[in-house]
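Scroll down for the structure; my scribbles are underneath it.
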Number of protein chains: 2
Amino acid sequence: MKSGERELSPEKTATILNGAMQEFLEHGYAGARIDKIVAAAGVSKATVYRHFPDKETLFTALIQRMANKKELFRLQNIPSLEEDPATFLKRYALGMLDNVESDPQILTFLRIIIGESARFPELARAFVRNIEKPSLDLLTQYLIKHPQIEVADPEVAARAFIGTIIHFVILRNVLQSGDIVPMDRDRLLNSLLKLVLGKSQSEELLSSPN
Amino acid sequence: MKSGERELSPEKTATILNGAMQEFLEHGYAGARIDKIVAAAGVSKATVYRHFPDKETLFTALIQRMANKKELFRLQNIPSLEEDPATFLKRYALGMLDNVESDPQILTFLRIIIGESARFPELARAFVRNIEKPSLDLLTQYLIKHPQIEVADPEVAARAFIGTIIHFVILRNVLQSGDIVPMDRDRLLNSLLKLVLGKSQSEELLSSPN
DNA sequence: GAACTAAACTAAACTGTTTCGTTTAGTAGT
DNA sequence: ACTACTAAACGAAACAGTTTAGTTTAGTTC
């Protein structure tokens with residue numbers, strides 16, 4: 001008698017969020033339709049509004065959840081830190097690129113984060129905090145701990161490395177303009193490694209592409 | 001006027017597009033409201049629909065026009081090609097950064113281009129064709145024409161240079177996360193120059209910041 | 001006479017609410 | 001353990017009120 005209190009089932013919440021994901025990622029916040037979310041999730045409209053007070057709360061909950069899922073970006077899929085620098089960096093970069101190629105949802109998520117960053121700055125900041133910053137930190141720490149890499153400013157080197165790759169992904173995959181500014185993936189990575197590591201240390205890698 | 005044949009006045013068209021710019025940039029395609037555009041432009045709704053068949057055509061016309069305005073990105077504001085490499089590159093980068101800082105519309109435009117790139121890929125491609133590619137080409141040609149800069153792959157060096165700066169802008173200005181991944185602007189530029197030019201050639205610039 | 005304004009209008013779509021009947025799960029009496 | 005009771009979550013669907021893109025109409029300006 002005291003507490004027959006059941007709560008809104010977390011499974012339903014997840015079902016709703018999964019349905020909302022398709023619709024929000026495809027159409028953005030303003031373009032998404034609650035009725036479509038309802039249909040995609042296979043729940044009733046009333047249930048959606050029992051779990052979330054309004055569209056905006058549903059949207060932010062979804063994006064926050066995605067920005068916290070490091071698995072989505074395979075941040076755990078990191079090459080061994082004991083690897084030699086050229087191999088480590090190349091595998092790291094290839095991991096990012098393969099990740100993007102294999103899962104188009106990542107591109108759509110990037111579009112949302114950037115596209116809605118003026119209206120939902122906290123979502124953008126959560127993304128940077130959970131995804132971008134850890135990547136930059138890891139790379140910076142790696143460069144610092146391998147002093148045989150003669151890099152004067154590891155933090156900037158990490159930014160240059162990641163920034164170059166992300167810019168490449170934005171041009172090629174997000175903006176779908178790989179044919180307008182063509183660039184071979186392996187050429188970019190090999191030349192980038194030379195820039196970051198200095199010419200000498202990466203030459204041995206040139207014929208063994210992983 | 002002089003000739004009896006009056007057409008839809010280009011001034012009105014421009015007035016409509018200017019009104020549409022505020023609304024579309026602020027709210028995106030789906031979030032923009034025709035009535036707001038009408039009010040912002042100070043024209044009647046009927047006039048809008050005499051100039052443009054529908055919302056989508058108005059939107060694409062606007063974004064295409066913006067993507068063709070190289071002035072907006074100050075691509076004409078390029079340092080002299082006769083400048084020594086370190087000075088040229090630094091001024092070029094500072095030009096990009098100042099441009100972004102001084103005109104928030106550029107950031108909003110970037111958000112739109114990326115945010116709508118799945119639904120309007122041709123707009124994204126026009127942006128790359130008119131803005132990104134000329135920048136990359138100019139920088140690549142500059143690096144090629146200054147062989148004293150010992151860069152094995154000028155095309156990749158140009159991408160690394162611009163990619164690093166754009167990534168910096170995205171983190172700091174677009175995603176508004178400069179406090180989460182802090183980085184001093186001048187430190188980034190100086191260290192980036194060292195990476196691209198090699199340590200020796202940029203040292204003279206370190207104490208003369210323009 | 002053509003482009004325009006203002007405003008009413010249409011038809012549809014939208015978010016969010018409500019109604020009502022069903023299901024689910026925890027509780028208590030026997 | 002079996003059943004009955006209870007309360008809340010749920011689905012389906014209608015509903016309310018607002019907002020939307022786009023049209024039309026009637027009058028104005030050049």
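If you're wondering where the values come from, they're calculated on a predicted model, not measured in any experiment. Note on naming: letters A, B, ... go to the chains in the order of the sequence lines (proteins, then strands), and numbering restarts at 1 for each one.
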>> Output the rounded distance in Å from NZ (Lys12(A)) to P (dA8(D)).
In response: 19 Å
>> Ring centres under 6.0 Å, that's the criterion: do Phe73(B) and Phe109(B) meet it?
In response: yes
>> Tell me the interatomic distance from Ile37(A), atom CD1, to dT15(C), atom P, rounded to whole angstroms.
In response: 8 Å
Please list every donor-acceptor pair under 3.5 Å in which a side-chain atom of residues 59-68 of chain B meets a protein atom from a residue at least two apart or in another chain.
residue  : atom : partner   : partner atom : Å
Thr60(B) : OG1  : Glu56(B)  : O            : 3.1
Thr60(B) : OG1  : Thr57(B)  : O            : 3.1
Arg65(B) : NH2  : Asn18(B)  : OD1          : 3.1
Asn68(B) : OD1  : Asn130(B) : ND2          : 2.8
Asn68(B) : ND2  : Gln64(B)  : O            : 3.0

> Whole-Å distance between dA16(D) C1' and Tyr49(A) OH?
Replying inline: 14 Å
>> I'd like to know if the side chain of Arg119(A) reaches the main chain of Glu26(B), judged simply by a donor and an acceptor atom lying under 3.5 Å from each other, with no hydrogens or angles considered.
In response: yes
Atom pairs under 3.5 Å, N or O on each side, protein against nucleotides 9-14 of chain C: can you list them with distances?
residue : atom : partner  : partner atom : Å
dC14(C) : OP1  : Arg33(A) : NE           : 2.9

>> Using whole Å, what does the distance between atom P of nucleotide dT20(D) and atom OH of Tyr29(B) come to?
In response: 14 Å
> Counting only side-chain N and O atoms of Thr47(A), is one of them less than 4.0 Å from OP1 or OP2 of dA9(D)?
Replying inline: no
> Given dC10(D), is OP1 or OP2 found less than 4.0 Å from the side-chain N or O atoms of His51(A)?
Replying inline: yes
> What nucleic acid atoms does Val48(B) come within less than 4.0 Å of, heavy atoms only: base, sugar-phosphate, or nothing?
Replying inline: nothing
> dC30(D) C1' sits how many Å from Glu11(B) CD, rounded?
Replying inline: 13 Å
>> Run the side-chain contact (heavy atoms from CB on, under 4.5 Å) test against Asp137(B) and tell me which residues pass, sequence neighbours left out.
In response: Lys133(B)
> So, the side chain of Ser102(B) versus the backbone of Asn99(B): is there a donor-acceptor pair under 3.5 Å, distance only?
Replying inline: yes
> Aromatic rings Tyr29(A) and Phe24(A): how do their planes relate, parallel, tilted or perpendicular, breaks at 30° and 60°?
Replying inline: parallel
